Structure formats: C-alpha cells, structure tokens
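Remarks on the structure that follows.
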Amino acid sequence: NAGVTQTPKFRILKIGQSMTLQCTQDMNHNYMYWYRQDPGMGLKLIYYSVGAGITDKGEVPNGYNVSRSTTEDFPLRLELAAPSQTSVYFCASSYEAGGRSNYGYTFGSGTRLTVV
Amino acid sequence: RKEVEQDPGPFNVPEGATVAFNCTYSNSASQSFFWYRQDCRKEPKLLMSVYSSGNEDGRFTAQLNRASQYISLLIRDSKLSDSATYLCAVNRAMDSNYQLIWGAGTKLIIKP
C-alpha cells in the first residue's frame, strides 16, 4: 500500500522558472492538502481539495496553483519561482475533513525545493 | 499569539527518563487533537489522536485539558529512537470545512 506518493524528492529551480509537484494517493481519500514547511515554522496550508474538481485556497496560496481532475491526483504548480518559495512541500490526504476522524492526515515524503 | 503554540525545545533528556511537553491552542471550538512525530528530513507521521478522556499507547500518554486549552504528551522510559520533533495539530472550522492547524514542533533529543 503506497499511501501518498510525491515526486520529485528534490529540485533546484532558477528564479522565474515554473514546475509542477506531483502528488498521488491510493487510499481513495476525498480530502487532499498541500503544505509548505519552513525551518522552525509549522506547516502552512497552501491549497486543499475536498474532492475531484473542487479546490480552495489555504493560508499561503500566492504564487501557486492546483488542480484536482481525479480523486488520486493533486498536483501543485509553481509559476514564476521566487526565492521565498524555497521550502519543503508536503502533500497529505485524509478520510475526513480537517481531522474530524481519529485517522488524521497521511503525508507524502516531501519535496525539497530550492529557488536560486 | 499563534493559534497553536509549542515550546520549540530542544528537550535534552537522558535515556530511560520521562519527558512531557504541552501544546496550547486558542480556538475553544476545536474538537480534534493529534500528536505527530517528524524525524529529521522526513514527513510527519501520526503518533496518536488525543481523546477527551486521555489515552495511552505503550510508553506514550496523551491528555487534553479543555479548560486551559492545551494538550500534552508524556513519554515514559524514553529510548534513543524517540529523538524526533513532535508536532501537535488541532482542528478548526475554515470556510465550510475543517482544517488542521499545526504547531511548529518540539524537538526532543534522547541522550545515552
């Protein structure tokens, strides 16, 4: 059982470049999330989705876009990369919204992104 | 004030000792609470949910204090392998859904 799979694991981007972080889950979860984690900071929600075709902004959506064409996939798009987007990005999924069950969230292994 | 706050540590604890840390939250309407463990350069992994009556899983005990709005994690007979950062997460309503709000984590170092 793969759980949540993220690719790539590492990436270096130049300022102004674009890229897509991939996220796939095989647990048939409706709810999916993208977070960024900066050193010494908590996880910050970028975007989330409550099901295929439905996405919404989180706390820090500027500079990012998402789509959810299937239940399994929730890619995160970075347009015009900036040094402030240097971070570790985690994708997560859950059975119920926002921890309303005791199962919490399942996370992917993360993508370490550096923008230079 | 942050919505979910944790002492960043690090807590340096000798192997075999008992250690406890707290996580305070500001939203009194929060209903779900979790402790996650995050190893260096890895993803957070669910350690345990926190139930209203408190709950125990082996050497780990989690408790909820609604009146003072904090959750706690107690680790007994600590092992070297317990060294990690412990994140707390608390849910709250956001737009028409619920989200987990995360603390920045408490770093625990178990020394031989």
Side-chain angles (χ1 to χ4, degrees), chain A residues 2-7 9-10 21 23 25 27 29-51 54-61 87-113, chain B residues 1-10 23-27 29-55 57 62 64 71 84-107:
Chain A
V4 179
T5 302
Q6 284 184 242
T7 57
K9 293 191 182 302
F10 306 93
L21 282 65
C23 176
Q25 53 93 8
M27 297 173 286
H29 286 167
N30 281 326
Y31 301 92
M32 296 188 75
Y33 315 86
W34 273 106
Y35 287 94
R36 60 177 287 171
Q37 186 178 38
D38 300 310
M41 305 291 286
L43 293 161
K44 298 296 183 186
L45 183 64
I46 303 171
Y47 271 95
Y48 67 99
S49 171
V50 302
I54 307 170
T55 62
D56 210 343
K57 296 178 180 178
E59 302 170 73
V60 290
S87 189
V88 181
Y89 292 85
F90 289 105
C91 178
S93 71
S94 67
Y95 177 68
E96 290 193 26
R100 291 187 74 189
S101 69
N102 291 322
Y103 300 104
Y105 293 359
T106 300
F107 284 84
S109 58
T111 297
R112 293 187 173 273
L113 176 67
Chain B
R1 181 189 172 189
K2 291 180 182 178
E3 192 164 351
V4 178
E5 290 197 88
Q6 296 183 254
D7 182 340
C23 166
T24 60
Y25 61 95
S26 60
N27 191 329
S30 294
Q31 295 295 324
S32 298
F33 308 89
F34 301 90
W35 283 105
Y36 277 74
R37 171 194 170 122
Q38 187 174 25
D39 293 300
C40 188
R41 302 178 75 85
K42 299 286 189 180
E43 72 273 23
K45 292 185 177 178
L46 180 64
L47 180 65
M48 57 199 302
S49 305
V50 185
Y51 303 141
S52 298
S53 56
N55 47 302
D57 183 2
L64 167 64
I71 61 173
T85 295
Y86 290 83
L87 308 178
C88 65
V90 177
N91 83 332
R92 69 154 162 91
M94 184 172 176
D95 300 324
S96 58
N97 285 290
Y98 284 83
Q99 298 292 343
L100 283 182
I101 308 300
W102 298 82
T106 296
K107 187 170 185 178

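The structure presented is a predicted model; accordingly, all values stated were derived computationally and were not measured. Order of the sequence lines sets the chain letters (A, B, ...), proteins ahead of strands, with each chain counted from 1.
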Starting at [atom1] of [X], measure out to [atom2] of [Y] and round the result to the nearest 0.5 Å.
| X | Y | atom1 | atom2 | value |
| --- | --- | --- | --- | --- |
| Met41(A) | Lys2(B) | CE | NZ | 5.5 Å |
| Glu96(A) | Asn91(B) | CD | CG | 11.0 Å |
| Glu43(B) | Cys91(A) | CD | SG | 11.5 Å |

Flag, side chain of Tyr105(A) to backbone of Leu100(B), donor-acceptor distance under 3.5 Å: yes
Choice from Gly108(A), Ala92(A), Gly110(A) maximising heavy atom contacts with chain B below 4.5 Å: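 It is Gly108(A).
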Ring centre gap for Trp102(B) and Tyr33(A) strictly below 6.0 Å: no
Most contacts with chain A, counted as non-hydrogen pairs under 4.5 angstrom, among Met48(B), Arg41(B), Lys42(B), Gln31(B):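 Top count of heavy-atom pairs under 4.5 Å with chain A: Arg41(B).
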Test side-chain contact (heavy atoms from CB on, under 4.5 Å) applied to Gln38(B) and Phe90(A), step by step: CA-CA 12 Å; Gln38(B) 187 174 25; Phe90(A) 289 105; 3.7 Å; yes
Heavy-atom proximity to chain B below 4.5 Å, by part of Asp56(A): side chain
Proximal component of Gln6(A), with respect to chain B [non-hydrogen, under 4.5 Å]: neither
Closest non-hydrogen atom pair, Pro44(B) against Leu43(A): CG-CD1, 4.1 Å
